[in-house]
Amino acid sequence: MTQPEAKERAVKNERSEPTAGRPEAGAGTDPATEAFVGHRNLLFTVAYEMLGSAADAEDVLQETWLRWSGVDLGTVRDQRAYLVRITTRQALNRLRTLGRRKESYVGSWLPAPLLTTPDVAEDVELADSVSTAMMLVLETLTPTERAVFVLREVFALEYDEIAEAVDRKPAAVRQIAHRARGHVAARRPREHVSSTDSRKALDAFRQAVETGDLQNLLDILAPDVVLLGDGGGVKQAVLRPIVGADKVARLLAAGLGRIPAGSSFLFAQVNGRPALLLRVDGELDTVLTVRVDHGLVTGLYAVRNPEKLSHMRRETALSR
């Protein structure tokens, strides 16, 4: 994607964000609208966990609403399940398109960060499922595996409901779920990490920036730590993963000196976890999140692509 195209889409997202994927406020209180609005946060969460893109999740919700508004509600037994089924099918279609788009993406692809409401962090399982580290694990699944895993493990849908959503037999869905669970278990963070541990790691990074002393940061980097940067070809970022504490530390040492004077690092809740926001001249420049295993940082994730930062302007409510 060229820089002008990225900017144009970012502007489009910013303008459409408040009402995208839902009826306008005050648009009426008919049963279809009430049901959609009542489940909107859930549907957005389903789409986002499947896609890793807030903009694409909003587009899926718009498509879901268009289809839902034409449904005869008298034929619907369970409105929540029906809406989730529509959203899942639209997300699967979008996920296959997104996969082709990622093949030509410049540099590493990271999920778009979300500035989440405080209650997301309080739901430990939900926060874990939308963390950057977990979203990257979900990227290693096939589209159908990802849909089945998310619907079963995060939203606790029954196998027959999932089967309708992914157009498979319940027995096949059970096999897919088993395979996906094993795949995820081998790659997901090895333990639940408290917000305190994540904040400690990010605080060490911030202190290294402010003081120029990288020792505190080196003390918490795992030997096999991986640094990923996502600039989307619009902002400068590492194009390939940087692996190893020494290499990561050297790169950070070189990069810290290029941060403009007057820039600031602020803590925020991103995807239900502590994160650091770098602001340059008052504008959001980078969102930094971490993966922590056994007290050491095993993953550093820096998103700089302006298109992906558009949903950091306001809090996003997620639900299960």
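- Under the side-chain hydrogen bond (donor to acceptor under 3.5 Å, both in side chains) criterion, Thr132 pairs with Thr289, sequence neighbours left out.
- Residue Arg187 qualifies as enclosed at atom CZ: its count of foreign heavy atoms under 6.0 Å is above 12.
- The local environment of NZ in Lys247 is sparse, with at most 12 non-hydrogen atoms from other residues, nucleotides or ligands closer than 6.0 Å.
- With sequence neighbours excluded, the residues forming a side-chain contact (heavy atoms from CB on, under 4.5 Å) with Asn93 are Gln90, Arg96, listed by chain and number.
- A salt bridge is absent between Glu145 and Arg152; no separation between the charged side-chain nitrogens and carboxylate oxygens falls under 4.0 Å.
- With sequence neighbours excluded, the residues forming a side-chain contact (heavy atoms from CB on, under 4.5 Å) with Val248 are Leu221, Val225, Leu227, Ile242, Leu252, Leu300, listed by chain and number.
- Both Phe267 and Val280 are part of a single hydrophobic cluster, where members link through side-chain heavy atoms under 4.5 Å apart.
- Side-chain contact between Leu43 and Phe36: present, with at least one pair of heavy atoms (C-beta onward) separated by less than 4.5 Å.
- For the pair Arg101 (side chain) and Thr97 (backbone), a donor-acceptor distance under 3.5 Å is absent.
- Side-chain contact between Gln269 and Val120 is absent, with no heavy atoms from C-beta onward closer than 4.5 Å.
- Side chain of Thr116 to backbone of Gly272: a donor-acceptor contact under 3.5 angstrom is found.
- For the atom pair Leu114 CG and Asn271 CG, the distance stands at 5.0 Å (nearest 0.5 Å).
- Side-chain N or O atoms of Arg304 include one that pairs as donor or acceptor with a backbone N or O of Gln236 at under 3.5 Å.
- For the pair Val270 and Leu277, the minimum side-chain heavy-atom distance is below 4.5 Å.
- Put simply, CG on Leu157 and OG1 on Thr88 are 7.5 Å apart, with the number rounded to the nearest 0.5 Å.
- Annotation: the span from Leu151 atom CG to Glu158 atom CD amounts to 12.0 Å, rounded to 0.5 Å.
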**Message:** Run the side chain to side chain contact (heavy atoms under 4.5 Å, CB included) test on Val148 and Leu141 for me, step by step, so that the C-alpha distance in whole Å, both residues' side-chain angles and the decisive distance to 0.1 Å come before the verdict.
**Reply:** CA-CA 10 Å; Val148 170; Leu141 299 175; over 6 Å; no
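- The two atoms that bring Arg188 and Val137 nearest to each other are CA-CG2, 3.9 Å, heavy atoms only.
- No donor-acceptor pair under 3.5 Å is formed between the side chain of Asp285 and the backbone N or O of Leu278.
- Annotation for Ala201 and Val290: closest pair CB-CG2, 4.4 Å, computed over non-hydrogen atoms.
- Between Pro274 and Ser195, the closest heavy-atom pair is CG-O, 3.5 Å.
- When the side chains of ILVMFWY residues are joined at heavy-atom separations under 4.5 Å, either directly or via intervening members, Ile220 and Leu251 end up in a single hydrophobic cluster.
- Few gaps surround CD on Glu139; more than 12 heavy atoms of other groups in view lie less than 6.0 Å from it.
- At least one side-chain heavy atom of Pro113 sits less than 4.5 Å from a side-chain heavy atom of Met312.
- Other residues, nucleotides and ligands contribute over 12 non-hydrogen atoms within 6.0 Å of the CZ atom of Arg181.
- Ion pairing between Lys200 and Asp203 fails under the 4.0 Å rule for side-chain N and carboxylate O.
- For the atom pair Leu126 CG and Glu49 CD, the distance stands at 6.5 Å (nearest 0.5 Å).
- Atom CG of Asp293 and atom OG1 of Thr298 lie 3.5 Å apart (nearest 0.5 Å).
- Residues Leu266 and Ile259 do not share a hydrophobic cluster, defined by chaining ILVMFWY side chains whose heavy atoms lie under 4.5 Å apart.
- Of the possible donor and acceptor atoms, none in the side chain of Thr45 sits under 3.5 Å from a partner among the backbone N and O of Arg320.
- Taken to the nearest 0.5 Å, the CG atom of Leu138 stands 11.0 Å off from the CD atom of Glu153.
- For Asp119 against Leu318, the heavy-atom pair with the smallest separation is OD2-O, 4.2 Å.
- For the ring pair (Phe, Tyr, Trp, His ring centres under 6.0 Å) test, no residue two or more places apart in sequence or in another chain qualifies with Tyr48.
- A salt bridge does not link Asp167 with Arg89: every distance from a Lys NZ or Arg NE/NH1/NH2 to an Asp or Glu carboxylate oxygen is 4.0 Å or more.
- Tested against Asn305, the residues Leu110, Thr286, Val287, Asp230 include a single side-chain contact (heavy atoms from CB on, under 4.5 Å) partner, Asp230.
- The aromatic rings of His311 and Phe44 lie parallel to each other, with less than 30° between the two planes, well short of the 60° mark.
- Residue pairs meeting the salt bridge (charged side-chain N to carboxylate O under 4.0 Å, His left out) criterion with at least one member in residues 67-86, sequence neighbours excluded: Arg85-Glu164.
- Here the closest heavy-atom approach between residue Trp109 and residue Leu136 is recorded as O-CD2, 4.0 Å.
- Taken together through direct or relayed side-chain contacts under 4.5 Å among Ile, Leu, Val, Met, Phe, Trp and Tyr, Leu217 and Leu296 form parts of separate hydrophobic clusters.
- Annotation for Trp65 and Ala32: closest pair CZ3-O, 3.9 Å, computed over non-hydrogen atoms.
- Applying the salt bridge (charged side-chain N to carboxylate O under 4.0 Å, His left out) rule to pairs touching residues 265-281 yields Asp128-Arg273, sequence neighbours excluded.
- Using a 4.5 Å cut-off between side-chain heavy atoms of Ile, Leu, Val, Met, Phe, Trp and Tyr, with links allowed through other members, Val130 and Val124 fall into different hydrophobic clusters.
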**Request:** Could you go through the side chain to side chain contact (heavy atoms under 4.5 Å, CB included) check for Phe155 and Val84 one step at a time?
**Result:** CA-CA 10 Å; Phe155 299 97; Val84 168; over 6 Å; no
